[in-house]
Student: 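Take a look at the following structure, please.
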Amino acid sequence: MKILIKNVHIIDPENNIDKTGDIFIENGVFADVQSADNDTTVLDGTGLTAVPGLVDLHVHLRDPGQTQKEDIISGCRAAAAGGVTSLLAMPNTIPAVDTPETVKYIIDKAKNADAHVYVVGAITKDLKSEKPTNIQELYDAGIKALSDDGYPVKNTADMVNAMKTAARLGIPVTAHCEDPYLAGGKMNEGKISETLGVKGMPRAAEDAGTAREISLAGAYDLPIHICHVSTYTSANMIRDAKSHGIKVTAETAPHYIMLTEKELLKKDADYRMNPPLRTEKDRLAMIQALCDGTIDAIATDHAPHTPEEKSDFVNAPNGSIGMETSFAAAYTVLVDGGYLTESQLIEKMSVNPAKILKINAGTLSVGSPADLMLYAKESWTVDPDKLHGKSKNTPFKGTTLSAKVKLTICGGKIVYSEL
């Protein structure tokens with residue numbers, strides 16, 4: 001399929017492009033505009049902005065094993081509606097992604113999906129921190145990263161081995177930073193958890209885990225990627241580590257830069273996730289860390305759950321969906337708020353994540369895979385019933401956001417369109 005997008009505002013941070021022009025796509029890649037001929041679908045990009053497709057480093061597709069919540073096809077449909085063309089699928093499926101067979105199942109099913117799916121392999125069998133997986137076998141099957149996802153690897157030696165093996169193979173280790181002996185609460189520990197009479201989760205749980213992973217990265221001169229940073233102390237540790245040349249990268253999520261623990265006063269489990277929503281001081285620290293480069297990327301931690309599961313405020317599982325709202329929420333806070341330019345936001349949501357994952361994405365360069373998002377500066381209010389995934393547990397429901405995805409192209413194919 002040949003597609004010509006005319007008169008569109010083009011932002012391509014990797015090539016330092018910010019201008020109005022045309023984009024041509026042919027045979028699944030970006031091509032020279034001069035090659036367009038009469039056998040081309042022409043789209044009018046007037047008033048729209050074209051950027052590289054987003055790369056989400058933290059997604060739970062629930063497939064295999066919990067497809068009542070989400071599956072690979074529905075999850076990628078939601079991704080496309082949010083401008084996400086590449087995503088990293090976490091290993092906490094049932095069974096966990098700890099065998100080559102499960103890796104291949106995900107890769108095969110994703111071949112017909114609306115986004116590129118990259119698979120994370122488990123560091124320990126069944127994510128239980130008891131027996132290490134055969135990382136080489138998982139790599140040979142096609143994994144692109146390693147993690148025990150929602151659990152810290154308890155055995156430090158196993159974590160070091162995973163980091164060494166990943167470095168040799170050229171893939172990242174993404175770390176859920178948490179001290180399991182401090183964790184276990186339902187929301188941020190503080191005045192609001194006390195008011196509600198709900199067990200809190202101290203920021204020290206996250207901070208202790210972050211400190212360990214940074215220490216290992218520094219001691220062994222190995223890279224580590226820190227997932228879903230939510231506390232000012234963790235951000236400060238990452239900033240300091242980077243200043244000393246430690247190979248650490250990090251992500252935060254849109255809900256940590258827009259929302260605080262005050263949302264929990266609604267007693268709605270859609271606002272419960274792990275790490276939990278924190279204080280205003282933490283929220284502002286996440287924004288500052290994005291602005292100064294301490295935090296490299298914005299990821300969603302997209303975690304679908306059924307309405308029945310989320311109906312019990314205290315006992316519901318942690319997690320919220322996020323791919324359809326991630327760009328709009330981040331744009332509203334960061335660009336409208338005057339913290340980042342549009343180009344800088346795309347660096348955080350496309351360019352940098354692609355570099356961390358070491359995939360060919362995050363650019364509109366001729367010859368690169370034609371993964372692209374068009375958006376408009378347009379206000380819209382999040383209606384869970386109109387979202388495209390199976391689950392509706394969004395913390396942004398009823399929120400008015402200021403940017404709207406209008407078209408998503410993945411591998412040269414239109415996978416979402418509001419044009």
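All residue numbers in this chain count up from 1 along the given sequence.
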Student: Around Lys242, counting heavy atoms of other residues, nucleotides and ligands shown, do more than 12 lie under 6.0 Å from its NZ?
Tutor: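 Check passes, neighbour count above 12.
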Student: First locate atom CZ of Phe313, then atom NZ of Lys266, and finally report the distance between them rounded to the nearest 0.5 Å.
Tutor: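 Rounded to the nearest 0.5 Å, the CZ-NZ separation comes to 11.5 Å.
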Student: Do you see a donor-acceptor pair shorter than 3.5 Å between the side chains of Arg278 and Ser230?
Tutor: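 Looking only at side-chain atoms, Ser230 and Arg278 do form a donor-acceptor pair, the distance falling under 3.5 Å.
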Student: Please round to the nearest 0.5 Å and tell me the distance separating atom CZ of Arg283 and atom CG of Leu277.
Tutor: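 Between atom CZ of Arg283 and atom CG of Leu277 there are 11.5 Å.
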Student: Among Asp37, Asn27, Thr41, Thr40, which one satisfies side chain to side chain donor-acceptor pair (under 3.5 Å) with Lys2?
Tutor: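 Checked Asp37, Asn27, Thr41, Thr40 against Lys2; only one passes side chain to side chain donor-acceptor pair (under 3.5 Å): Asp37.
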Student: Run Ile11 and Ser343 through side chain to side chain contact (heavy atoms under 4.5 Å, CB included) and show every step you take.
Tutor: CA-CA 6 Å; Ile11 297 178; Ser343 182; 3.9 Å; yes
Student: Not counting sequence neighbours, which residues clear side-chain contact (heavy atoms from CB on, under 4.5 Å) with Ser74? List them please.
Tutor: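 In terms of side-chain contact (heavy atoms from CB on, under 4.5 Å), with neighbours along the sequence ignored, Ser74 is linked to Glu70, Asp71, Arg77, Lys390.
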Student: Do the rings of Phe327 and Tyr375 sit parallel, tilted or perpendicular, given the 30° and 60° boundaries?
Tutor: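 Phe327 and Tyr375: tilted rings.
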Student: Just checking, is any N or O donor in the side chain of Thr124 or Asp148 under 3.5 Å from an acceptor N or O on the other one?
Tutor: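 Thr124 vs Asp148: donor-acceptor pair found between side chains.
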Student: Show every donor-acceptor pair shorter than 3.5 Å between a side-chain atom in residues 80-94 and any protein atom, with sequence neighbours excluded, or say none if there are none.
Tutor:
| from | atom 1 | to | atom 2 | distance (Å) |
| --- | --- | --- | --- | --- |
| Asn92 | OD1 | His60 | ND1 | 2.9 |
| Asn92 | ND2 | Asp149 | OD2 | 3.4 |
| Thr93 | OG1 | Pro95 | O | 2.7 |

Student: Not counting sequence neighbours, list each pair that qualifies as a side chain to side chain donor-acceptor pair (under 3.5 Å) and has a residue in residues 349-362.
Tutor: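 The answer is Glu14-Lys355.
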Student: Kindly indicate whether a cation-pi arrangement holds for Lys281 with Tyr232, taking the cut-offs as under 6.0 Å to the six-membered ring centre and within 45° of the axis.
Tutor: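 Yes.
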Student: Should we count NZ of Lys186 as having more than 12 external heavy atoms under 6.0 Å?
Tutor: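 Atom NZ in Lys186 is crowded, with more than 12 foreign heavy atoms closer than 6.0 Å.
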Student: Is the OH atom of Tyr139 crowded by more than 12 outside heavy atoms at less than 6.0 Å?
Tutor: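 Open.
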Student: For Ser320 and Asn393, test the side chains for any donor-to-acceptor distance below 3.5 angstrom and give the result as yes or no.
Tutor: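 No pair is found: no donor N or O on one side chain lies under 3.5 Å from an acceptor on the other.
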Student: Using distance alone, with no hydrogens and no angle criterion, decide if Asp371 and His116 have a side-chain donor and acceptor under 3.5 Å apart.
Tutor: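 Yes - a donor-acceptor pair under 3.5 Å links their side chains.
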Student: CG of Asn16: more than 12 outside heavy atoms within 6.0 angstrom?
Tutor: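 No, not enclosed.
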Student: Count the heavy atoms of every other residue, nucleotide or ligand shown that sit under 6.0 Å from NZ of Lys404, and state whether that count exceeds 12.
Tutor: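 Enclosed.
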Student: Any idea which heavy atoms bring Pro317 and Glu309 closest together, and the distance?
Tutor: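 Smallest heavy-atom distance, with atoms named: CD-O, 3.6 Å.
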Student: Looking only at side-chain N and O atoms, does Thr279 offer a donor or acceptor that is under 3.5 Å from a partner on Asp282?
Tutor: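 Yes, side-chain donor-acceptor contact under 3.5 Å.
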